[in-house]
Each structure stands twice: as C-alpha cells, then as structure tokens.
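Inspection log for the structure reproduced underneath, given as structure tokens.
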There are 2 protein chains.
Amino acid sequence: MIRTDVGFSLYANMTVIYNGRASSTAGPGNFLLIHKPDGSTFIHASGLSTPLNYQRPGSTILVNDDIITVTSKDASESIKVILHDVKEYNEFLDWSKAKPVMKGTEKQLCDKIIANIDTLLGIKIIEVNRELKTPIGDVDIVGIDAYGIWHIIEVKRGRITTNDLYQLWKYYTHLRITKICNGYMAAPAISVKAQGMLDDFGFSYLMVDH
Amino acid sequence: MIRTDVGFSLYANMTVIYNGRASSTAGPGNFLLIHKPDGSTFIHASGLSTPLNYQRPGSTILVNDDIITVTSKDASESIKVILHDVKEYNEFLDWSKAKPVMKGTEKQLCDKIIANIDTLLGIKIIEVNRELKTPIGDVDIVGIDAYGIWHIIEVKRGRITTNDLYQLWKYYTHLRITKICNGYMAAPAISVKAQGMLDDFGFSYLMVDH
DNA sequence: GCCTTCATGTCGGAT
DNA sequence: ATCCGACGTGAAGGC
C-alpha cells in the first residue's frame, strides 16, 4: 500500500526508535512522517522546528506491515517506526529539487565591508585580501595600508560572541609574527561580554549591517 | 478552504519568498508545505534535509486566495507563498507534542569520563567539578589531584575540530591565573589539524567513546 | 531577555 | 574522502 519509490506523507499514531550516532525513542503519538524521493525521511511532532527524528537524503526505506525501517546510506544509522493507527497517507509526484537563493549572508556582508573599507577603518587601504589562506584557517578580510600595516577583519553576520573573538585572536597571533597587525570584529551587533574581551585583546569593533 | 487552526499539509506548485534575518526566494516548484498547530510552518523541497523555508513555532499564518503569508511571533520575519497549482491538501487533527528521549549525549559521555577519570588521566583525582561556572562559560569537567593541580577537560561527543580547542584554551588561560592547570580534550575522534594544534598548546587528547 | 553551549546539528567549499 | 567554518543555524539551561 505504501509506495517507497515516490514521496509520501503518513499521518499516524506511531512509536519511533532511532539508533546511530546517538539513540532515542519517542511516542507513541500522532506524528507526521514525510518521505522524500531523495531518500530522506522526517518525523515531525508539534512544538519543535526540528524533526523528532529523521534520516538524511540517500537513505533507504522499507515497509513491512506496520513497521517502517529507514536506514542511512552507510547503514550506520537507522530509525524504526511502529505504526499503531494510520490516519492519512498521501503520495507526492514530481517533487522538485530546489535550493533557496539567499541574500544577506556573511559573504555579502564582506562585499559591503570591502566596498567601504577606507571609511570603516578611517585609513586608506591599498590592498585587500579576502579569505586569506593561512595554515590555521582562512581570514575573512585583510586590508593593507600604505605603511604595510595589516588590518585583520573577522566578519560575523549576527551578533559577536566571546568565542568568535578567539578566531580573530588566532589569526592575529599568527600574522603578527611577520607583520604589524590590527584586529577588528565586524558585525551588526556585539554582546557586552564580547565587547569587554575585545577591549582586553586590543581589538576594535566595526558596526556593519546588511 | 484551508483551515489555519489545525495542522495541515499542502502539496503544490509554489513560489516562496522569505524576508527576515536574511532574505531568499525559491521556486516555482512542487514543494510540500506543512503547518503545525504550534504555528510553525515548513516548506520542503527534495534533496535537502533542511527545509527550503520555514517559520518557527508561534508564527501566525494567513491564507488569502492563492497567497499564504506566515509571520513570526515578533513580526521580524515572514515568508510569502504564492500557490500556482494545488495538488493535495490534508488536515491533521490531534497532532502530538513530543520530544525524543536521547541517549549518547555529551552529558552521558561526561558521566562515563568521570566514572573512569583516574584511569583516563593516569592520576588519582580527589575532587571532580562538573560544569564549573566561570565568567566566560562553563567548564565541562575539572579534576583536582592531591597536589592541587587542576585537570581541565573539555568534552565533545563527536570529532574534535580546531575551533573546539579555543574553548579549552579560553578556560585554561582563565584558570591558570590562580591555579596550576593541565588541559585535555576528550572525544571519540580528533582531526589531524586539531591534533597538531593541541600539541602546540601543550594539551592532551583523551580517547573516549560512548 | 541576554548569553553560552550542545547538536544524530546540516550544508557547502576546499584540499 | 576529510576537514573546516557558516548557518535565517535550532534548542536547552543559567542568570
């Protein structure tokens, strides 16, 4: 009755058991199971954005009477669903693959910063490096001024937290071995604690927005 | 026709426009829209685990002909769905609220480490602090030996990455001001780069598993 | 409400 | 394939 070769949804009273990286049980309860043609499967309860349980694309689904088994591609993870009472079953044909086209990402915030870098820093920058490769990671933006001073900018699209500062600090301590450096955190907001730590490090905060 | 006071799913050819923290567009395509009684709404395309677009619980949904608008609780975010061709509509009553009961979490890995801490460290520990509060965050485990040396352990349930080390470094630099400290990362695995950086910091890796 | 960290995080990009 | 870092991260817990 259930076609595993197409997308479908199943609203039912069920119990869900997961084993893999972790393990969990849920239910019994009235949940919605969704299976997509890419092999991914999700079980949604009410009250949470994240699914109660899931398997990622590439999984295989097997239906045996009132037991559904979903196994991940490498067979390291699986969920078992015990159906107690099926209420709705629907098939979805020609399900589209698609990704949203995003705007307002960190990448685009970087664009904006680079376009206005002289104004933001209050210094004339003569060379800009983006995603500068270092052995310990990529630096978002490095602007070099006429004196050869390196202005290191770590960009965050959201609010700067204390942990974010260590990323800048990591690059700063690495680059200062060979260059004279200044450190900057650029974001729309910064937490109070992060601001305090920023001052301790001797870095500066650049207020930027999308 | 669409009841916004219950849970429902809508399989349709649609275009989705999001505005909020970022903004995005997707479609037109055949997607599945799910609305849960908690107010959350999700639009799933095939090929991704994460929804193409969504609003979190507490949102309000408004249906006007072939336009669906979902607005977040604080009205800072919204998605607009333009329906081009509705293929399926189903209502789901008595949708359960539930959370999975998890095993194999970091918390439980901590339990195991603490139970075997003497063996793991090769030192007799006379006092164990868990989730030790500091102004910059909580330290997973601190074991104190007979000499008063603090053994700081940062636990990860998965693989240790370079970024994880800065969390330990943060606590280490903070605590070493007043105590003699050793630093440890405990996890089932560690990346090559993280291992190298760990050595540079003078920390140790503890191999632990669930 | 702000801040911090965990997560079966997921996902994309680079090596 | 592994590694690394962003994410509209989401969710939980503490203050």
Side-chain angles (χ1 to χ4, degrees), chain A residues 18-24 40 42 47-57 59 72 74 76-79 99-100 102-110 131 133-140 154-164 167 170 189-196 210, chain B residues 18-24 40 47-57 72 74 76-79 99-100 102-110 131 133-140 154-167 170-171 189-197 210:
Chain A
Y18 154 72
N19 272 292
R21 282 168 287 182
S23 63
S24 72
S40 61
F42 308 88
L48 286 171
S49 292
T50 48
L52 193 58
N53 229 307
Y54 62 93
Q55 282 301 326
R56 293 184 290 183
S59 302
S72 66
D74 66 357
S76 69
E77 310 207 279
S78 68
I79 50 180
K99 286 169 204 168
M102 299 296 311
K103 285 176 194 161
T105 59
E106 186 191 275
K107 193 169 179 304
Q108 290 169 336
L109 192 52
C110 282
E131 293 297 322
K133 304 281 180 291
T134 79
I136 52 169
D138 301 353
V139 188
D140 284 337
E154 177 63 31
V155 181
K156 292 287 157 194
R157 73 168 303 289
R159 173 172 291 226
I160 296 164
T161 66
T162 53
N163 265 14
D164 295 333
Q167 207 170 336
K170 179 170 78 170
I190 182 168
S191 75
V192 177
K193 276 192 178 162
Q195 178 72 65
H210 294 282
Chain B
Y18 155 71
N19 272 293
R21 280 170 288 183
S23 63
S24 73
S40 62
L48 286 170
S49 292
T50 47
L52 192 60
N53 231 305
Y54 60 93
Q55 282 301 330
R56 300 182 5 216
S72 66
D74 66 357
S76 68
E77 311 205 278
S78 68
I79 51 180
K99 285 169 204 170
M102 298 297 310
K103 285 176 192 160
T105 58
E106 186 191 277
K107 193 169 179 300
Q108 290 167 337
L109 192 53
C110 282
E131 292 296 321
K133 304 281 180 292
T134 78
I136 51 171
D138 301 353
V139 187
D140 284 338
E154 176 62 31
V155 181
K156 290 289 155 191
R157 71 168 306 289
R159 174 169 291 227
I160 296 164
T161 65
T162 52
N163 264 15
D164 296 332
L165 293 176
Y166 286 92
Q167 204 171 339
K170 182 170 76 169
Y171 301 135
I190 182 167
S191 76
V192 177
K193 268 193 182 165
Q195 178 71 66
M197 203 176 290
H210 294 282

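Chain letters run A, B, ... following the sequence lines, proteins first, then strands; residues in each count from 1. Computed from heavy atoms alone, side chains included, the values below leave out hydrogens, waters and symmetry copies. The model shown is predicted, which means the values in this text are computed figures rather than measured ones.
Here, D:dG5 and D:dT9 have their C1' atoms 13 Å apart, quoted to the whole Å. On the P atoms, C:dT8 is 23 Å away from C:dT4, given to the nearest whole Å. C:dA14 and D:dG8 have their C1' atoms separated by 24 Å, with the value rounded to a whole Å.
Among the heavy atoms of the strands lying under 4.0 Å from A:K133 are primed sugar atoms or P, OP1, OP2 only; no base atom is included. Across all strands shown, A:F42 has no heavy atoms under 4.0 Å from either base or sugar-phosphate atoms. Contacts of B:S23 with the nucleic acid, taken as non-hydrogen atoms under 4.0 Å apart, are absent. Within the 4.0 angstrom heavy-atom criterion, only backbone atoms of the sugar-phosphate kind lie near A:N163; the bases stay farther away. Across all strands shown, B:K99 has heavy atoms under 4.0 Å from sugar-phosphate atoms exclusively, and none from any base. Counting non-hydrogen atoms under 4.0 angstrom, B:L52 reaches nothing in the nucleic acid. Across all strands, A:E106 comes closer than 4.0 Å only to sugar-phosphate atoms, never to a base (heavy-atom distances). Within 4.0 Å (heavy atoms only), A:K156 reaches sugar-phosphate atoms of the nucleic acid but no base atom.
The 5' end of DNA chain D is approached more closely, in terms of each residue's nearest nucleotide, by B:T162 than by the other of A:S49 and B:T162. Each of B:P57 and A:G104 lies near DNA chain D, and the nucleotide nearest A:G104 is the one positioned closer to the 5' end. Comparing B:Y171 and A:S24 by the nucleotide of DNA chain C whose heavy atom lies nearest to each, the residue mapping closer to the 5' end is B:Y171.
A distance of 4.5 Å separates CD1 in B:I190 from CD in B:Q195, rounded to the nearest 0.5 Å. Rounded to the nearest 0.5 Å, atoms OG (A:S23) and CE (B:M102) are 6.5 Å apart. Of the inter-residue distances, the one linking A:T50 atom OG1 with A:F42 atom CZ reads 12.0 Å to the nearest 0.5 angstrom.
For the pair B:E131/B:D140, a side-chain contact is recorded, criterion being any heavy-atom separation below 4.5 Å from C-beta on.
Here A:R56 reaches the OP1 or OP2 of C:dT10: one of its side-chain N or O atoms lies under 4.0 Å away. Contact check, A:Y54 against C:dG9: no side-chain N or O comes under 4.0 Å of OP1 or OP2. Listed pair A:Q167 / D:dA6 meets the phosphate criterion, a side-chain N or O lying under 4.0 Å from OP1 or OP2. Taking only side-chain nitrogens and oxygens, B:S191 never comes nearer than 4.0 Å to OP1 or OP2 of D:dT2. The phosphate of C:dT10 (OP1 or OP2) has a side-chain N or O of A:R21 nearer than 4.0 angstrom. Within the structure, every side-chain polar atom (N or O) of B:R159 is placed at least 4.0 Å from both OP1 and OP2 of D:dC4.
Checking C:dT4, D:dA12, C:dT10 against every side-chain atom of A:T161, the shortest atom distance belongs to C:dT4. Nearest to the side-chain atoms of A:L48 among the listed nucleotides D:dA11, D:dC3, D:dT9 stands D:dA11.
Rounding to whole angstrom units, NZ of residue A:K193 and P of C:dT5 are separated by 9 Å. One atom, CG of B:D140, and another, P of C:dT4, lie 16 Å apart when rounded to the nearest Å. Rounded to a whole Å, the CG atom of A:L109 is 9 Å from the P atom of D:dC7. For A:E131 and C:dT15, the CD to P distance is 11 Å, given to the nearest whole Å. The separation between A:K107 atom NZ and D:dG5 atom P is 18 Å, rounded to whole Å.
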*Before giving the answer on side-chain contact (heavy atoms from CB on, under 4.5 Å), spell out for A:N163 and B:K170 the whole-Å C-alpha distance, their side-chain angles and the decisive distance to 0.1 Å.*
CA-CA 8 Å; A:N163 265 14; B:K170 182 170 76 169; 2.7 Å; yes
